[in-house]
Amino acid sequence: MSSNVNLGLTNVGPETHPLTWRYSQAGKAVLDLKTYESMEGYAALKKAVQMAPADVQKVVKDSNLRGRGGAGFPTGVKWSLIPMGPNAGPKYLVCNADEMEPGTFKDRMLMEELPHQLVEAMIVAGYAIQATRAYIFLRGEYTVAAERLNHAIHEAEAAGYVGNNILGSGWSMDLHVHTGAGRYICGEETALINSLEGRRANPRAKPPFPQIAGLWGKPTIVNNVESLNNIPAILVRGAEWFKGLSQGKSTDAGTKLYGISGKAKTTGLWELPIGTTCRELLYTHGGGMRDGLELMAWLPGGASTDFLMPEHLDLAMDYDTIMKAGSRMGTGLIAVVDNKQNMVSVVRNLEQFFARESCGWCTPCRDGLPWIVKVLQAIEDGKGQSGDIEFLQQMTRNLAPGKTFCAHAPGAVEPLQSAIKYFRPAFEQGIAPVASPQITGK
Amino acid sequence: MSTVNPTPSKLIVTDRGQPYEMVAEDRDAILHAIAHYDDSRAASIDALKIVQRRHGWVPDGAISVIGKLLNIPGSDVEGVATFYNRIYRQPVGRHVIAVCDSISCFLMGSDQIYGQLQTKLSIKPGQTTKDGRFTLLPICCLGACDRGPVLMVNDNTHFNISVESLDQLLEQYK
């Protein structure tokens, strides 16, 4: 059973929907090389190997593609930081396919339904940075994606698209699917590199950044699945075309795979111009909330983003606009919280997730998150004590950026701080009344 | 943090000190995995999975054998084995049920599914049924939030789970 993809959209084509048009036009997954080739497949690679690697980098830089894993760092800028030239030595390209951000299900669709698109993107990106080896770091639970990607890689190898002397360019790169064994923290760029090296997935201190010293200490580029999936189309149609895809809805470029989970009428994925409003996403495409339910709050892009409210529905879903509203676009797949939910329970669930998934390296995160869960549980049970809300607010500062090595703890407190901001009465309700002092005899 | 907080239903099983005979097929598979990397250590997760595929879990004795194959200390292999929640260092049931308890499934009522499973199987999270058929664990977001609640049994993901559909689902796993 597949996700709803582009449900209700008409005229889905290569000019407007670079990520999903092949799936929508075929009406099913495009798994074999022949079908993929008949739909412009590997045209970008054939074009790229005729260009200088630096020129491929430039096209991507000019396109203003920003990382779709959640951080929004410009992909082309990231590439330009890697050492080039004949003496650069071994270099690695790693695709972050460890999709585990709660509420996010876009990379699964891209890899399961269009595996060749990612394989081609990896080869083009590998050529641009002149990588010697490339890995797809895939979460172990995505067994269907693993099978389909491996099949696609075998077909690509047989066709000479990957392996030795790719398309006669003199450049060689092999591509391997590495499957993980769980743990959310593996999605953090440097933790992912440790995990790929066969170590515990603790993040690393930055700098040095992976572009200089990453996998096995060598220059490494880590890109998200959706970011990479944009690359072939950018090569074929150009940077200016890509910028135009947002149709003036945003200063950002391209389309975005948006999605809805929670109790909306229709859940699923839609490829829309970046900067589309949440109102359009939820009400035009998702049909609004289920009958009898109202929207209470929404997470714009995963568990580690601040809650937004119904009053924010008309904001453009892009990096800067959502940031200005006090949250982050994150992965761009919204989770809608309906008015029948208990906000304290929702936040307790979120913090339980972060507490369990902390890697344990930094004390504020390892010890602070379980403490937060304990206090939230007490409030949920109506046994909170006076001062608990202020304590939770203090904890959001103790776990703020700069207090720990990676973004796990700061991400964990984003939904907490915004929930207290918007739903303080719900928390106050869980504070047990102070018993009046008993006057007793001796 | 530990990945799950199991309430042990019995003493932790150990075969520490027992020699572990790795079958040739597994050894070959591990050596093949090493070839994919520039450093043999990188194959440690692959190796643990290969052993787990054979036994359902990773016995103590296998840890040092893997260490020798990868040319790293057994303690490093153990460090990896205990970090990742999909590697089991205790015996598990014939089928492992992993229930997504992340936010999107929670909003769709995963708590009821999780509770109902505990009642039906008479076990708590982290435990195995007396007949050795099922082990129940929580798991983080399975990336199918539009089709929640979601759970996995072994390597199979099941979507749109309801309390009513649980019996039929469990019947598929004998």
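Every value quoted in this text rests on a predicted model; they were computed, and no experiment measured them. Residue numbering restarts at 1 for every chain, and letters A, B, ... go by the order of the sequence lines.
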How long is the straight-line distance from [atom2] of [Y] back to [atom1] of [X], given to the nearest 0.5 Å?
{"X": "Ser2(A)", "Y": "Phe159(B)", "atom1": "OG", "atom2": "CZ", "result": "8.0 Å"}
{"X": "Arg41(B)", "Y": "Leu196(A)", "atom1": "CZ", "atom2": "CG", "result": "13.0 Å"}
{"X": "Lys263(A)", "Y": "Ser104(B)", "atom1": "NZ", "atom2": "OG", "result": "12.0 Å"}
{"X": "Glu99(A)", "Y": "Cys141(B)", "atom1": "CD", "atom2": "SG", "result": "7.5 Å"}

Checking [X] against chain B: side chain, backbone, both or neither under 4.5 Å from a heavy atom?
{"X": "Thr104(A)", "answer": "backbone"}
{"X": "Gln341(A)", "answer": "side chain"}
{"X": "Val144(A)", "answer": "neither"}
{"X": "Ile185(A)", "answer": "side chain"}
{"X": "Ala264(A)", "answer": "neither"}
{"X": "Asn4(A)", "answer": "backbone"}
{"X": "Arg200(A)", "answer": "both"}
{"X": "Leu350(A)", "answer": "side chain"}
{"X": "Thr266(A)", "answer": "neither"}

Test item: side-chain donor near acceptor, Tyr84(B) and Ser195(A), under 3.5 Å: yes
Any side-chain donor paired with an acceptor under 3.5 Å for Ser261(A) and Asp146(B)? no
Between Lys218(A) and Asp38(B), does at least one N-O distance fall below 4.0 Å, as a salt bridge requires? no
Closest approach of Leu142(B) to Tyr142(A) (non-hydrogen atoms, all atoms of both residues): O-CE1, 3.4 Å
Angle between ring planes, Trp216(A) versus Tyr37(B), binned at 30° and 60°: parallel, tilted or perpendicular? perpendicular
Only pairs of heavy atoms separated by less than 4.5 Å count here; which of [options] has the most with chain B?
{"options": "Met109(A), Arg133(A), Arg139(A)", "value": "Arg133(A)"}
{"options": "Pro90(A), Ala335(A), Ala201(A)", "value": "Ala201(A)"}
{"options": "Gln352(A), His178(A), Arg108(A)", "value": "Arg108(A)"}
{"options": "Thr267(A), Asp174(A), Asp367(A)", "value": "Thr267(A)"}
{"options": "Gly180(A), Gly140(A), Gly302(A)", "value": "Gly180(A)"}

For the residue pair Arg86(B) and Glu141(A), establish whether any side-chain heavy-atom pair is separated by less than 4.5 Å. yes
So which of Gly148(B), Ala144(B), Ala43(B), Cys140(B) has the biggest tally of heavy-atom pairs under 4.5 Å with chain A? Cys140(B)
